[in-house]
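Since the model is a prediction, treat every value here as computed from it, not as a measurement. One-based numbering along the sequence shown.
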Amino acid sequence: MPTRNGAIVASVEPMHVTEPCPDSPGGPDGAPAMQTELARLEPMLGVVLAYGGQHPEEFGSYGLTWQGVNDASVFISFTTNLDQHRNALSSLVAHPDELIVCQVAVSADVARALVPKLTDELHGRFESVGIGTGGVEVVLKPGEQALANELLAQYGDAVSVSVGADAPASTVTPI
């Protein structure tokens, strides 16, 4: 749920993500396959969520990413200390080889605070503003390339900005 918090938003500094979460090149070939992968990985989802909740200042998002048809892995993202979180989680989850620890530019708390700020500031100039797996996703109206450049300069990888309705959608499934 987006929340207004000027202090949190003021803390956002442009940064470049060096270990982004992967896109999903595949996916399930139907409901039974998805149910099978979910049944296998659901306990891991609970573990990574609980762990992320213990690190709210760094925790971004989590979910499933599809490595191929019917082959899912669990991802969890943090802003910093990836190796530390990777090592800790590897000892907690049942399938450490199915765990992907990746980086986001801002925590989920910061992303939730940034959405209403951008919604207010960009009034009438955007098609959508929301939270994605890598931070805040903004789709600007056609012709707003200069604004897109300003947002990227101001927020860095904390925002994913595209111009026009044909913006690509992420295939990572956030939970």
Side-chain angles (χ1 to χ4, degrees), residues 1-25 27 45-46 48-66 72-86 89 99-175:
M1 176 81 79
T3 57
R4 295 185 188 282
N5 187 325
I8 289 178
V9 172
S11 71
V12 177
E13 295 182 18
M15 79 171 276
H16 178 67
V17 172
T18 58
E19 293 184 51
C21 295
D23 287 332
S24 290
L45 290 168
V48 299
L49 175 59
Y51 180 88
Q54 295 169 359
H55 304 277
E57 67 286 347
E58 298 177 39
F59 177 46
S61 64
Y62 76 108
L64 294 178
T65 184
W66 296 90
S73 292
V74 172
F75 80 90
I76 183 168
S77 61
F78 297 94
T79 56
T80 59
N81 301 311
L82 298 184
D83 288 336
Q84 174 186 335
H85 295 303
R86 190 176 290 119
L89 281 162
L99 175 68
I100 299 168
V101 177
C102 48
Q103 186 182 26
V104 290
V106 292
S107 70
D109 288 344
V110 173
R112 282 190 293 272
L114 193 53
V115 166
K117 179 183 189 302
L118 289 173
T119 300
D120 291 346
E121 286 182 1
L122 304 176
H123 182 74
R125 299 178 75 184
F126 69 90
E127 294 181 0
S128 66
V129 176
I131 297 174
T133 59
V136 177
E137 295 179 356
V138 179
V139 178
L140 297 173
K141 290 187 174 182
E144 294 287 1
Q145 189 59 48
L147 177 58
N149 294 337
E150 290 173 24
L151 291 171
L152 292 172
Q154 182 175 359
Y155 296 108
D157 288 346
V159 296
S160 170
V161 182
S162 54
V163 179
D166 57 349
S170 174
T171 55
V172 176
T173 309
I175 301 289

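Between F78 and G52, the shortest heavy-atom contact is CE2-CA, 4.3 Å. Between A108 and G60 the shortest heavy-atom distance is CB-O, 3.1 Å. Taking each heavy atom of A148 and V163 in turn, the nearest pair found is CB-CG2, 3.9 Å. Scanning all heavy atoms of the two residues, the minimum distance from T119 to F126 falls at O-CE2, 3.6 Å.
Residues Y155 and L114 are in side-chain contact: their nearest non-hydrogen atoms beyond the backbone lie under 4.5 Å apart. E127 is listed as a side-chain neighbour of K141, based on a closest heavy-atom distance under 4.5 Å. The closest side-chain heavy-atom distance from L151 to L140 is below 4.5 Å. Residues D109 and F59 form no side-chain contact, since every pair of their non-hydrogen atoms from C-beta on lies 4.5 Å or further apart. Residues T133 and T65 have side chains not in contact (no heavy-atom distance under 4.5 Å, counting atoms from C-beta outward). For the pair L64/V74, a side-chain contact is recorded, criterion being any heavy-atom separation below 4.5 Å from C-beta on.
We find the CD-OG1 distance between E57 and T80 to be 8.0 Å, quoted to the nearest 0.5 Å. Note that NZ of K117 and CG of L122 are 8.5 Å apart. Values are rounded to the nearest 0.5 Å. Between H85 atom NE2 and Y51 atom OH the span is 5.0 Å, to the nearest 0.5 Å. In this structure, CD on E144 lies 12.5 Å from OG on S162, to the nearest 0.5 angstrom. Between L99 atom CG and R86 atom CZ the span is 8.5 Å, to the nearest 0.5 Å. Here the NE2 atom belonging to H16 is positioned 6.0 Å from the CG atom belonging to D157, to the nearest 0.5 angstrom.
S77 places a side-chain N or O within 3.5 Å of a backbone atom of S61 that can act as its donor or acceptor partner. Under a 3.5 Å cut-off, the side chain of E137 and the backbone N or O of I131 do not form any donor-acceptor pair. At distances below 3.5 Å, not a single donor-acceptor pair connects side-chain atoms of Q103 with backbone N or O atoms of V17.
With V159 as reference, V136 is the one residue of V129, V136, V106 to meet the side-chain contact (heavy atoms from CB on, under 4.5 Å) rule.
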